[in-house]
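See structure below.
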Amino acid sequence: VEFSVIGKNMPRIESLGKALGELRFLSDLKFPGLLHGKILRSPHPHAKIKRIDTSRAVKLRGVKAVITVEDTPKIKWCWLPRYADKYILAYRKVRYVGDEVAAVAAVDEETAEEALDLIHVEYEQLPAVLTPEEALMPEAPILHQGESNIALQVERKFGDVEKGFAKADVIVEDRFETSSVAHCCLEPRGCVADFSRTGKLTLWSTTQSPHALREEMGQILGMDAKKIRVIKAAMGGAFGSRIAMDMKEPIAALLSRKTRRPVRIVNTREEEFTASRIRYPFNIHLKTGAKKDGTLMAREAKVIMNNGAYNDKGLAVLTCAGYYFPILYRVPHVRYEGIAVYTNTVYGGAFRGFGNPQMTFAIESQMDRLAERLGIDPVELRIKNSNQPGDTTISGAKITSCALKECIETAASAIGLVRDRRRIPNRGIGIAAAFHSGAGHRMYNFNSAHAFISISESGKVNVFTGASDLGQGAETVLAQIAAEELGMRFEDITIIAADTETTPVDLGAVGSRTTFTSGNAVKSAATAVKKQLLEEASEQLEANKDDLEAREGNIFVRGTPGIKLPIAKVIRSCYGKGHPVTGMGRFDDLYPPDLDPVVTGYGSFFPTFSFASQGVDVEVNQETGVVRVLKMVAAIDVGRALNPMDCEGQVQGALAQGMGFGLLEGLVWDRQGTVANPSFADYRLVRSADIPKVEVKLIESIDPNGPFGAKGIGELGIDPTAAAISNAIYDAVGVRIRSLPITAEKIRKALEQKSVFGNPEREKKEVL
Amino acid sequence: VKTKEISLRINGESYQWAVESNLTLLDFLREKLDLIGTKKGCETGECGACTVLLNGKTVNSCLVLAIEADGKQVTTIEGLSGDDGRLHPLQEAFAEAGAIQCGFCTPGMIMSSKELLDRNPTPSEEEIKDDMAGNLCRCTGYVKIIEAITKASKKLTTGE
């Protein structure tokens, strides 16, 4: 098939506006009478609130409203109502340093900040628990109701792991740890709430999921969600952090209702680190067994997840990790047990990968250990156990398109991971593989999407979609899909997106779903419109409509060269006959909803999977422990690359984030429960100078259900990176670090131990 | 807070303004002049999103007081494209090369790379990487940003 728009490196629709500095982000929007909101946050990790005195703050000139929990509906909330555990503002108790206690709206930010200092809160401090280990002690203070700090539990059993391990020739067991990673969107999160006197609330938000946010706002404010309109503002990154509601959104709404003026609240950079969501840190006990020929027999994971002070996405991440765990490689017997533990620290949320970067770090580090024990090449071991198209996994997931094997082969050969390669001292190569949902999931009950297209008489195509562009290029790829399917030019397409009153219901940017789900919806709407246009054209051309095709603004008759009818003319002719040119499209969910921890977890919960493998070349300084990444290769099964440049961009960005996850990033707390590194100076991100040579290889497996065969890849790129780096470090200097980030200090210590005690790490090949 | 009268040129235009002595150049540009292209990312000079040129040199405008710009020339992203609306080659290259994802770091990135190319019209890849290390990007992994700067450098020096 020859495409006109699909498969082309179309620059982003909005990129010129961004390059010019014209595109308006949330903080750039002007509102008449705008007030600035600020939130008073708890300085203690765990305390009772005895008394709050706002009287001095209220009197400060320029302050228009001060609210505490008494001004709120006191509704406990979680995006899954069953797990509700958080009020808009702290009620009787605070549970982490950063917990929202009170809020102020004032004429400017300085006044609002000054007012915060005038609010007097009397606390009675309680003992705090900062780690799951502390929180699980018998005498530990309990954060919420209940007998323990275990917030959630998930168990998955497929096959019979005991039997599997009994049949294995080699068993490897390890404990892995991952860190608390901050999203670090360059734009701090914010919102503007405008409560009209008629009772209607309009919220401009940096949200990935406007429709879900509208419902969530209705729940927590105890108001009819139909009276709420959410408009997504242009967004400076999100990476999952902006899927679920943040309390500043209902706080701004309440301040606006009280003042009858629009109220804006934007995080400071410090709040981005101390009071936003993070990637949940996992503690993973992992055990894998294999036959001597490398066939995987059983795998078991016990996960302790630090849930932080409140639930948020904890349940979903723990559950999702349990869905992903049994699927990478063919494993006949799998068990997964996970608990989420409340602690007095900032709580987690969705973050690119959603539990999968943590699990993949463990699984893929251990695969190399297993390979060494078996004396099998790590590439061969992976290929031997690869998922294949048409597989049904032990957990019941159906694998449709799958190029995992090609990904592994491509990454391995591009990074030079071949048997008997020449070794350079302190240089090492590592590889890892991963897979991810390429089309979302049904955690919000539905994953379906729909879209509308309306074409004006002069040929302007308006596509209405609920998809949320957060910088990943959603609008551009949807415009490409519409243009290709309609046979019109890319330039003719306008995307109208992510406003709960003008665009159709859609979950937005969740679970790498947009290209597949919203893409299918837009394509189906375009198909409906095209049918109308071709019917009209067939009358004009006196040709069978099945022989017609639309391409780049014209309609052609197959097999009859020379005939060309401009689509613009066909559109005018439709209107001339009194018929508007319009279409509705839909993506219907393929699978039933089932992401509840109490159920078995057996089944297909993701419409399709994307696969990847990455190779990394590193140099380790034996003296300092400093790792220099020299080259990274990513081979990625994208189904079809609708916009190769954008696919590459997603993967390159994920690689840099994966490098950070692997080597640099993690929040640290002091003993008082305060984040000790809440700034870009102290929380190190990968910078341009750290970027190695990067190669991205797009592999097209053409998904049977994806739009033009495409699958989503937004998250996938980060899943295997940390393990590939860890494997490369081991290859270079023979030390394996099982806790992220793999800092120079950890490597140095491990190298010292190695020099004193010999190499306990280097696995001898089992005598089999 | 005391105010002080300053006069300066911003993007070629003269301004006289009475500003509070604690007002940052960033807030002056954004709040007083509505030049919202310059972004506020951290307010501590660590992310580079607020980069502007002060007498041709890059500064984090969140760390510079408006009164320090008195008598000086400021160039922001809005001043980079020509009066006729023509884009600067860096702006074109960033858009075409896929160097822009969320776009929040873009104005700062472009201003930093403008200064780099003014100083060193044909930087090597390593020089670009080192020079741009003050500007954070969380979306692109920098690869296409480096490509865009190389592309713009070629266009500016050879006209290609």
Side-chain angles (χ1 to χ4, degrees), chain A residues 9 11-12 14-25 27-30 108 183-188 234-239 266 268-270 272 469-473 643 645-646 648-657 659-660 679-681 685-691 694 696 717, chain B residues 22 30-31 34-49 76-78 80-81 85 87-88 90-111 125-126 128-146:
Chain A
N9 292 331
R12 294 284 180 82
E14 77 290 355
S15 60
L16 279 186
K18 287 174 176 172
L20 285 161
E22 278 180 3
L23 189 109
R24 288 176 189 195
F25 291 87
S27 297
D28 306 330
L29 301 174
K30 299 274 172 187
D108 54 42
H183 294 76
C184 299
C185 306
L186 261 283
E187 177 205 36
M235 218 182 331
F239 315 113
V266 177
T268 62
R269 180 53 60 186
E270 190 176 328
E272 284 286 306
D469 201 314
L470 45 93
Q472 86 282 42
N643 185 330
M645 182 167 79
D646 257 8
E648 282 169 21
Q650 281 298 296
V651 177
Q652 289 161 349
L655 284 169
Q657 285 188 4
M659 246 177 99
S679 71
F680 287 135
L685 292 183
V686 166
R687 290 181 180 260
S688 56
D690 306 315
I691 291 300
V694 173
V696 176
Chain B
N22 63 353
R30 287 182 55 83
E31 309 300 331
D34 287 339
L35 291 170
I36 47 94
T38 305
K39 300 302 177 200
K40 189 182 271 192
C42 71
E43 298 185 80
T44 49
E46 290 151 8
C47 77
T76 71
I77 189 73
E78 288 90 348
L80 213 54
S81 46
L87 298 175
H88 187 278
L90 274 164
Q91 292 172 312
E92 265 173 9
F94 267 67
E96 282 166 15
I100 301 174
Q101 288 192 25
C102 86
F104 199 80
C105 74
T106 305
M109 283 282 178
I110 291 180
M111 296 316 289
E125 197 179 304
E126 286 312 306
I128 295 172
K129 284 181 185 176
D130 286 344
D131 209 84
M132 298 300 293
N135 289 76
L136 283 174
C137 170
R138 191 60 154 167
C139 297
T140 64
Y142 306 98
V143 179
K144 293 195 187 299
I145 291 175
I146 297 158

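In the text below, chain A, chain B and the rest are named by the order of the sequence lines, each starting its count at 1.
With Gln652(A) contributing its side chain and Val143(B) its backbone, the two residues share no donor-acceptor pair below 3.5 Å. Put simply, the side chain of Tyr142(B) gets close to the backbone of Val686(A): a donor and an acceptor are under 3.5 Å apart. A side-chain donor-acceptor contact under 3.5 Å links Lys129(B) to the backbone of Ile691(A). Looking at Arg269(A), its side chain never comes within 3.5 Å of a backbone N or O of Cys42(B) through a donor-acceptor pair.
Here the closest non-hydrogen pair linking Thr106(B) and Lys18(A) is CG2-O, 4.0 Å. The shortest non-hydrogen separation linking Cys102(B) to Met235(A) is CB-O, 3.5 Å. Taking every heavy atom of both residues into account, Gly103(B) and Phe25(A) meet most closely at C-CZ, 3.9 Å. Residues Arg687(A) and Glu46(B) share a closest heavy-atom pair of NH2-O, 2.9 Å. Contact detail for Cys105(B) and Leu186(A): the closest heavy-atom pair is CB-CG, 4.2 Å.
Of all the listed residues (Gly236(A), Gly473(A), Gly237(A), Ala656(A)), the one sharing the greatest number of non-hydrogen pairs under 4.5 Å with chain B is Gly236(A). Per-residue heavy-atom pair counts under 4.5 Å with chain A were compared for Ala97(B), Ala49(B), Ser81(B), and the maximum is reached by Ala97(B). Contact count against chain B (heavy-atom pairs under 4.5 Å) is highest for Ser688(A) among Ala238(A), Pro188(A), Ser688(A). For the options Ala19(A), Ser15(A), Pro11(A), Gly21(A), heavy-atom pairs under 4.5 Å to chain B are most numerous at Ala19(A). The candidate from Asp646(A), Leu655(A), Leu685(A), Thr268(A) with the greatest count of non-hydrogen atom pairs under 4.5 Å with chain B is Leu685(A). Of the listed residues (Glu648(A), Glu187(A), Arg24(A)), the greatest number of heavy-atom pairs within a distance under 4.5 Å of chain B belongs to Glu187(A). Among Glu14(A), Glu270(A), Lys30(A), Met659(A), the residue with the largest count of heavy-atom pairs under 4.5 Å with chain B is Lys30(A). Comparing Ala99(B), Gly98(B), Ala95(B) by heavy-atom pairs within less than 4.5 Å of chain A, the highest count is held by Ala95(B). Between chain A and the options Leu87(B), Thr38(B), Ile128(B), heavy-atom pairs under 4.5 Å are most frequent for Leu87(B). Ranked by non-hydrogen atom pairs under 4.5 Å with chain A, the options Met132(B), Glu125(B), Glu31(B), Lys144(B) are led by Lys144(B).
In this structure, Lys39(B) and Asp28(A) have side chains that are in contact, with non-hydrogen atoms separated by less than 4.5 Å.
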Discussion item. Could you go through Arg138(B) and His183(A), starting from their C-alpha distance and side-chain angles, then the distance that decides it, and tell me whether this counts as side chain to side chain contact (heavy atoms under 4.5 Å, CB included)?
Written reply: CA-CA 9 Å; Arg138(B) 191 60 154 167; His183(A) 294 76; 5.8 Å; no
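The part of Asn135(B) that comes within reach of chain A is its backbone (N, CA, C, O), which places non-hydrogen atoms under 4.5 angstrom from that chain. Proximity to chain B is limited to the backbone of Glu22(A), based on heavy atoms less than 4.5 angstrom apart. Leu136(B) touches chain A through backbone and side chain together, each having a heavy atom under 4.5 Å away. Both the backbone and the side chain of Ser679(A) come within contact range of chain B, each with at least one heavy atom under 4.5 Å from a heavy atom of that chain. Both the backbone and the side chain of Leu20(A) come within contact range of chain B, with heavy atoms under 4.5 Å apart. Proximity to chain A (any heavy atom under 4.5 Å) is restricted, for Thr140(B), to the backbone atoms N, CA, C and O. For chain B, no part of Glu272(A) is nearby; none of its heavy atoms comes within less than 4.5 Å.
Every residue two or more places apart in sequence or in another chain that forms a salt bridge (charged side-chain N to carboxylate O under 4.0 Å, His left out) with Lys40(B) is listed here: Asp27(B), Glu43(B).
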